[in-house]
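Report on the structure given below.
Counting convention: from 1, in listed order, for ligands and their atoms alike. Sequence positions, counted from 1, serve as the residue numbers for this chain.
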Amino acid sequence: MNENCLSKGINWVGVIDWNIRDFHGYITRRGTTYNSYLILDKKIALVDTVKSSFSKEFLDKIQEITDLEKIDYIIINHVEMDHSSSLPIIAELAKNATIIASQRGKEAIIEHYGENFPIKTVKTGDEIDLGNRRLRFIEAPMLHWPDSMFTYIVEEKILLSNDAFGQHLASAFRFDDEIEENVLMEEAITYYANILMPLGSLVSRKIQEIVKMGISPKIIAPSHGIIWRSNPSKIIQAYLDWSICKSKMKAVVVFDTMWNSTNDMARAITKGLISEGVETKLLKLRSAENTDIITEILTAKAVIVGSPTLNQQMFPSLGSFLTYITGLKPIGKLWSFFGSYGWSRGAVKSMTEIAKRAGFEIINSGLEVKYVPTKDDLKMCFDFGKEIAKKIKS
Ligand code: FEO
């Protein structure tokens, strides 16, 4: 078997996007891959395609293995363009292929690419017989689009999970036992936090549903990054923990600053938290990326957010951060706000209102300091951090 082979006759034919650094706003420092799988049997199936800018490389890779006209099925697990935008190109060349998608997938294919293809719809439990193996489909609506589904290769127990269990991680290697575990898990949690966090209840329900169906995958092959073959239960357990935003005794202090007053407050609050033994991350907006801040928040119990007042409002970077975080809806966190002001207040009030509307649990009325914090003000900030630490520990 070659290095791209999951099992005899099941080949990775994806592409590696080494240089992408911004995936619709998600900072992808390690690039990504678009994974596609070619299954050779009496009938031939291609599962998912790749981003269209890589379509030539993709077609070449498939044609090294088989003629395009021999492909019987093209399975589209998910229509987002990173996986489907090569479909119009390959469907034209793979003249004998029937496209397989969920009902919502069929609608989305038509809405993206027009009514140019023969599409057969499938629902959970439906199977296609390839000859020596069957493909079973499991709809996974809203994980993370309405059309999403998984394809399960029954005989080999391989779950082709599309976006679920993926990572934005470009590598010359394909499998989890070939790369450093800490790098893999760092990218897996970053991916979960930035894409799947608002869908936690659906994630845990889908995993329970799969277990009830008697499916216990030996291999989980997502559509981005590395394939889990050495211990797929590790990523399943991690998803169950992340789906409830399982927290550690940890706080994240996120802030921005104009003339360092809010910076000084943030540092004093952080010292107060640490003095109580709480692991604390201090992250300044415009230096740290939202992508990384959200990942830290996933495993934190408390989030303390600071902004100076500018034009009776929060600083603009806080607006961007709060828009992103309220959309991702982390559950079970304790929230608090602080900031400096000059002649009129506004930042703490406006941030608190946004958090209230999002349904976040706000644990105090916040902390404000006029102009530059005095020694006493900084002591107050330190104590503010200590009080939050006690709440985390209780
Ligand atoms: Fe939802 Fe990787 O696309």
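- His224 contributes NE2 as its N, O or S atom closest to atom 2 (Fe) of ligand 1.
- Note on ring orientation: taking the six-membered ring where Trp is involved, the planes of Tyr239 and Trp242 are tilted (angle from 30° to 60°).
- For atom 1 (Fe) of ligand 1, protein N, O or S atoms under 2.8 Å: 4 in total.
- Cluster annotation: Ile294 and Val305 are assigned to the same hydrophobic cluster (Ile/Leu/Val/Met/Phe/Trp/Tyr, side-chain heavy-atom contacts under 4.5 Å, transitive).
- The salt bridge (Lys or Arg N to Asp or Glu O under 4.0 Å) test with Lys393 singles out one residue from Glu279, Glu276, Glu387, and that residue is Glu276.
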Requested in this report: Test side-chain contact (heavy atoms from CB on, under 4.5 Å) on Thr151 and Tyr37 and set out the steps.
Outcome: CA-CA 11 Å; Thr151 297; Tyr37 301 96; over 6 Å; no
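- Ring pair His224/His83 is tilted by interplanar angle, where 30° to 60° counts as tilted.
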Query raised in the report: Is there a salt bridge (Lys or Arg N to Asp or Glu O under 4.0 Å) between Arg29 and Asp292 once you walk through the steps?
Result: CA-CA 11 Å; Arg29 289 192 191 83; Asp292 300 319; 2.5 Å; yes
